[in-house]
Amino acid sequence: MYQIMKRKRCSIAMHLLLLACFLFGDVHAQEKRTDTVAQKDVTDILKKIFKKKPDTSQAAKTTPGIAILPTLSYNPSFGFMIGAKIAGGKQFGRPEDTDYSIFGLEGVYTTKGIINIQARHNIFIANNKLNWQGNWQIAKYGIIDYGLGTNTSSYKGRGFSINEFPVVNADSAFPIQYKCIRLWEKVYTNIGTDMFVGAGLSFDFFNDIRDEKRLEGKSTPHHRYSRRNDYDSVKYAANGLLVAFQYNTREHPVRSYGGVYFDFFFRFNQTWLGSTKNSIQMQWDLRKYWSLSKRNPEHVIAFWHWASFLLGGSLPYLQLPATATDTYARSGRGFTLSRFKGPSYAYFETEYRFPITRNKLISGVGFLNVQTASDDLRQGVFSYWVPAGGAGLRILFQKQSRTTLCIDIAKGRFGSSGIFFGLNEAF
């Protein structure tokens, strides 16, 4: 066991070294780019259709940009789903020295009683003196589980996925329903050019967990893991303190043409805060962008790396990092929500973005991603890799905020494929 832990720590240390070289290879602030080719968004098209003159006033330029995306899907365990996603943004200071603030709201209801209400925000006050990041959720929700790690070749997909759920459950899948309350909040203060330090609190409560196949008398990954790690399989919590560092030269938070975003933090789950067990996690979110054209800065190569490593203690099953459990649930296109999970998890994605129409109303993307996860037995986090890839369209909703409607088709290993809708770029 000592040798396993030693190899794991050496692997993480090497990973951090490579990460630092990649991140700080470009330490200068990113200059904001402006299109030299006129853009048209959905609002412009509608105004032209209804022969309404465009509003060119200063008030129109500072009005919060809001987009709404209706959602509709189906899963046999959760029923027909209907809901909506709302994305918006606002400038709380001068664009020259204050980053654009964004927020999102999502609501889902299904015919089998699944309800999810979730709000997220990333707010910068004037002069970037403070940055608030939050993720709040109250839900009766669910996942279609496939066990721990990425060496799960026994699962074969039987159906097409729409957003986070498959339309047909495989025989090897394990549906789980649960109630949860999530309250995350971090506040950062500026300590220098493009750098912030911060702290926060995170509360994740899971109750009334219904492991459907376990209720039928079958053995399930959730039950086995909970028994091995001494968790009540019906309810548990992971509540902790957050200590964070942020480095941000990103040119725009919604659809960046250049720069770097790096959010690094430690999470200390503590029983005195109500956590079922103590644990320590190290997590980060790294995004880097290269614009390939001054005339058309929307030609972008983008890179995303999101990772979480368990350094000590243990986590309850539904709290394990997994596919699409990043803040905005956009990772792992090609697979369903929580398809791969483990105590430690790493995700990599690269994307090429390009305009299709001359007026930038419609753009395209091509992407490749790969993910890896450990289990709580012998499989290490970098032992098995699972790739996916796809392509998509972007429709420009509002050019001031760069808000887009995203439609992606993706395919992964083990027969997995799906169509994924979203507001704003995946990263």
Side-chain angles (χ1 to χ4, degrees), residues 39-46 49 65-75 80-89 102 104-108 116 118 120 157 159-168 252-257 287 289 296 298-302 304 323-324 326-337 339 347 349-369 387-412 416-427:
Q39 295 186 46
K40 296 289 184 181
D41 57 19
V42 171
T43 303
D44 293 327
I45 301 302
L46 292 175
I49 293 173
I66 296 176
I68 301 175
L69 174 66
T71 59
L72 183 67
S73 61
Y74 168 78
N75 177 266
F80 287 96
M81 305 179 192
I82 187 170
K85 297 179 181 180
I86 301 174
I102 57 176
L105 181 63
E106 178 178 353
V108 172
N116 180 44
Q118 191 164 8
R120 308 172 180 95
F160 198 69
S161 297
I162 301 177
N163 288 327
E164 55 261 63
F165 297 116
V167 296
V168 176
H252 196 279
V254 174
R255 197 184 193 195
S256 185
Y257 302 152
R287 306 169 185 215
Y289 310 86
N296 291 294
E298 298 90 350
H299 283 278
V300 171
I301 297 292
W304 182 20
T323 308
D326 57 285
T327 301
Y328 290 92
R330 302 297 293 275
S331 62
R333 285 172 292 176
F335 297 100
T336 60
L337 171 68
R339 171 62 182 89
Y347 177 80
E349 181 163 348
T350 186
E351 187 172 84
Y352 172 49
R353 304 170 183 172
F354 54 94
I356 294 176
T357 60
R358 181 175 174 80
N359 61 9
K360 315 299 177 65
L361 176 66
I362 300 176
S363 299
V365 301
F367 57 88
L368 295 171
N369 62 59
L393 293 175
R394 302 291 180 264
I395 300 174
L396 187 59
F397 266 18
Q398 188 186 63
K399 57 193 176 187
Q400 287 88 354
S401 64
R402 302 186 189 177
T403 300
T404 57
L405 166 65
C406 304
I407 307 170
D408 295 316
I409 294 179
K411 182 174 179 58
S416 180
S417 62
I419 185 168
F420 302 85
F421 298 93
L423 287 171
N424 297 327
E425 298 290 354
F427 64 97

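When reading the values below, keep in mind they use all heavy atoms of this one structure, side chains included, and skip hydrogens, waters and symmetry mates. Index from 1, following the sequence.
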Got a sec, which residues hit salt bridge (charged side-chain N to carboxylate O under 4.0 Å, His left out) with Arg330, two or more places apart in sequence or on another chain?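 Partners of Arg330 under the salt bridge (charged side-chain N to carboxylate O under 4.0 Å, His left out) test: none.
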Within the 4.5 Å heavy-atom criterion, are [X] and [Y] side-chain neighbours or not?
X	Y	result
Glu164	Thr336	no
Arg255	Ser363	yes
Leu69	Leu405	yes
Thr357	Lys40	no
Leu393	Asp408	no

Can you check side chain to side chain donor-acceptor pair (under 3.5 Å) on His299 and Tyr257, steps first, answer last? CA-CA 8 Å; His299 283 278; Tyr257 302 152; over 6 Å; no
Which residue is it: Lys360, Arg402, Arg394? I am looking for the one with a side-chain hydrogen bond (donor to acceptor under 3.5 Å, both in side chains) to Glu298.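 Only one option passes, and that is Lys360.
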Do Ser331 and Asp326 have side-chain N/O donor and acceptor atoms under 3.5 Å apart?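 The answer is yes; a qualifying pair exists.
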Between Tyr352 (side chain only) and Val300 (backbone N and O only), is there a donor and an acceptor less than 3.5 Å apart?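 Between the backbone of Val300 and the side chain of Tyr352 there is no qualifying donor-acceptor contact (under 3.5 Å).
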Whether Ser401 side chain and Gly89 backbone form a donor-acceptor pair below 3.5 Å: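 No.
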Spacing of [X] atom [atom1] and [Y] atom [atom2] [to the nearest 0.5 Å]:
X	Y	atom1	atom2	answer
Ser161	Phe420	OG	CZ	5.5 Å
Leu423	Ile68	CG	CD1	9.0 Å
Phe354	Asn296	CZ	CG	13.0 Å

Mind checking ring pair (Phe, Tyr, Trp, His ring centres under 6.0 Å) for Phe427 and listing every partner two or more places apart, or none if nothing turns up?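 If we apply the ring pair (Phe, Tyr, Trp, His ring centres under 6.0 Å) test to Phe427, skipping adjacent residues, the hits are Trp304.
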Given side chain to side chain contact (heavy atoms under 4.5 Å, CB included), test Ile82 with Thr71 step by step and report yes or no. CA-CA 6 Å; Ile82 187 170; Thr71 59; over 6 Å; no
